[in-house]
Amino acid sequence: MRKKVVAGNWKCNTNLQEGIALAKEVNDIVSVDDVVVVLGTPFVHITEVAKTVTNPAVSVSAQNCAAEPKGAFTGEVSAEMIASTGAKYVILGHSERREYYGETSEILNKKLALVLENKLTPIYCCGEPLEIREAGTQNEYVIKQLQETIFTLPVEEFKKLILAYEPIWAIGTGKTATTEQAQEIHKTIRDAIAAKFGQDVADEISILYGGSCNAKNAKELFANPDVDGGLIGGASLKAEDFNAIITSY
Ligand code: PEP
């Protein structure tokens, strides 16, 4: 059975002390054994947060990694460095990284390879901008994002991924995909995975919804058969709100 996952993406929020305090609160409040809880912290926080988290349901994630394994790349943080902190996940392909930092499919393929090589789990994001949704071509757009990147992986590597569908028009906007919109595209993604890698593989891959998911709408979104949890931005910055999402199943 595929895993239910609720992953927080703290983005560029919290200083180190605030981040440790938030991780501690989540660590203490979470009481689930059927949901994988992930804290996507800033790089600077990862080591301390990994030490703070003792709850077996909670793991730590980076929000990005370098596209090169090591060397003269000032300011970059490698997948190997992330793995050495105790973090287990890396968010890759977030729309903010694609839009503001020019992350192309080619760059993402290099990052994916390094993350997998270092035995970290990629939380791989896809999703369409508003104009594509308005044109009604979101399915084709998202499948193309997958075909250019994760669909090029060998099946044994692909099976290790978690996917997150995040419509860009819903991220941080307070607008959420309707439950029908979320189910429709999650099913489209799962069908495309089945066509490429087989139904058994498709059935085991967790596909998270992201985009203004909160304590109020999580229950309805997570009730969809092809929605296996959420990637949560704003609402992951308060332990109580985040826990309300975690307990929405
Ligand atoms: C995100 O950035 O991954 C996200 C889903 O943000 P928010 O929940 O704030 O829309």
Side-chain angles (χ1 to χ4, degrees), residues 4-14 18-19 22 26 35-43 45-46 49 59-65 87 89-103 108 111-112 115 121-130 132-133 138 141-142 145-146 149-150 161-179 181-183 185-186 189 206-222 224 226-249:
K4 297 170 183 171
V5 182
V6 176
N9 176 11
W10 295 3
K11 310 193 185 189
C12 188
N13 292 300
T14 72
E18 290 163 348
L22 175 57
V26 174
V35 182
V36 175
V37 178
V38 180
L39 304 180
T41 82
F43 283 137
H45 303 19
I46 295 183
V49 169
S59 298
V60 183
S61 176
Q63 301 170 16
N64 178 31
C65 74
Y89 297 84
V90 182
I91 298 169
L92 285 180
H94 192 283
S95 59
E96 289 155 15
R97 300 283 329 159
R98 293 182 195 251
E99 188 180 344
Y100 307 141
Y101 302 96
E103 289 199 356
L108 288 169
K111 294 187 177 193
L112 275 164
V115 166
T121 300
I123 301 177
Y124 187 79
C125 305
C126 59
E128 80 286 354
L130 184 60
I132 295 291
R133 173 60 67 166
Q138 64 277 0
Y141 184 95
V142 167
Q145 283 182 323
L146 305 182
T149 55
I150 56 176
L161 300 180
I162 293 173
L163 254 68
Y165 165 68
E166 300 204 302
I168 298 170
W169 45 271
I171 295 178
T173 59
K175 274 192 209 160
T176 315
T178 63
T179 180
Q181 285 173 327
Q183 171 56 23
I185 196 153
H186 278 233
I189 293 170
S206 300
I207 308 176
L208 318 185
Y209 169 80
S212 299
C213 185
N214 58 39
K216 288 204 182 105
N217 58 31
K219 202 175 186 66
E220 198 181 331
L221 285 161
F222 294 178
N224 285 303
D226 287 294
V227 177
D228 307 307
L231 181 54
I232 317 296
S236 70
L237 293 170
K238 287 210 175 101
E240 269 184 29
D241 292 354
F242 191 48
N243 192 47
I245 297 171
I246 294 163
T247 53
S248 287
Y249 282 105

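When a residue number appears, it is its place in the shown sequence, counting from 1. Remember, it's 1-based here, ligands and their atoms both numbered in the order they're listed.
Remark: the backbone N or O of I207 is paired with a side-chain donor or acceptor of D228 at under 3.5 angstrom. Without hydrogens or angle criteria, Q63 side chain to G40 main chain gives a donor-acceptor distance under 3.5 Å. Under the 3.5 Å distance criterion, the side-chain polar atoms of R98 are left unmatched by any main-chain donor or acceptor of E103. The backbone N or O of G233 sits nowhere less than 3.5 Å from a side-chain atom of N13 that would complete a donor-acceptor pair. A distance-only check finds no donor-acceptor pair linking the side chain of K4 to the backbone of V35 [under 3.5 Å]. With Y124 contributing its side chain and C126 its backbone, the two residues share no donor-acceptor pair below 3.5 Å.
Regarding atom 5 (C) of ligand 1, its nearest protein heavy-atom neighbour is E166 OE2, 3.1 Å.
Between atom 1 (C) of ligand 1 and the options K175, E96, H94, the minimum heavy-atom separation is to H94.
Short contacts between ligand 1 and G172, defined as distances under 4.0 Å to a heavy atom of the residue, involve ligand atoms 7 (P), 9 (O), 10 (O). Ligand-side atoms of ligand 1 in range of K11: 1 (C), 2 (O), 6 (O), range being under 4.0 angstrom from any heavy atom. Atoms of ligand 1 found under 4.0 Å from any heavy atom of A170 (numbered from 1 in listed order, with element): 10 (O). Against a heavy-atom cut-off of under 4.0 Å, G234 is close to the following atoms of ligand 1: 7 (P), 8 (O), 9 (O). Taking a cut-off of under 4.0 Å to the non-hydrogen atoms of G211, the atoms of ligand 1 that pass are 5 (C), 10 (O). Contact atoms of ligand 1 toward L231: 3 (O), 5 (C) (distance under 4.0 Å to a heavy atom of the residue).
Geometrically, ligand 1 and T173 share no nitrogen or oxygen pair separated by less than 3.5 Å. The shortest N or O to N or O distance between G233 and ligand 1 is below 3.5 Å. Polar contact check, C213 against ligand 1: no nitrogen or oxygen pair lies under 3.5 Å apart.
The residue from T149, L112, I150, I91 that alone fulfils the side-chain contact (heavy atoms from CB on, under 4.5 Å) condition with P122 is L112.
Within 6.0 Å of atom CD in E220, 12 or fewer heavy atoms from other residues, nucleotides or ligands are found, so the atom counts as exposed in its surroundings.
Residue contacts with ligand 1, taken as heavy atom pairs separated by less than 4.0 Å, do not involve C125 at all. At a heavy-atom distance under 4.0 Å, only side-chain atoms of N9, from C-beta outward, approach ligand 1.
Heavy atoms of S95 stay at 4.0 angstrom or farther from ligand 1. At least one heavy atom of S212 lies less than 4.0 angstrom from ligand 1.
Annotation: salt bridge (charged side-chain N to carboxylate O under 4.0 Å, His left out) contacts of D241 (sequence neighbours excluded): none. Partners of S95 by side chain to side chain contact (heavy atoms under 4.5 Å, CB included), not counting sequence neighbours, listed by chain and number: I168, I171.
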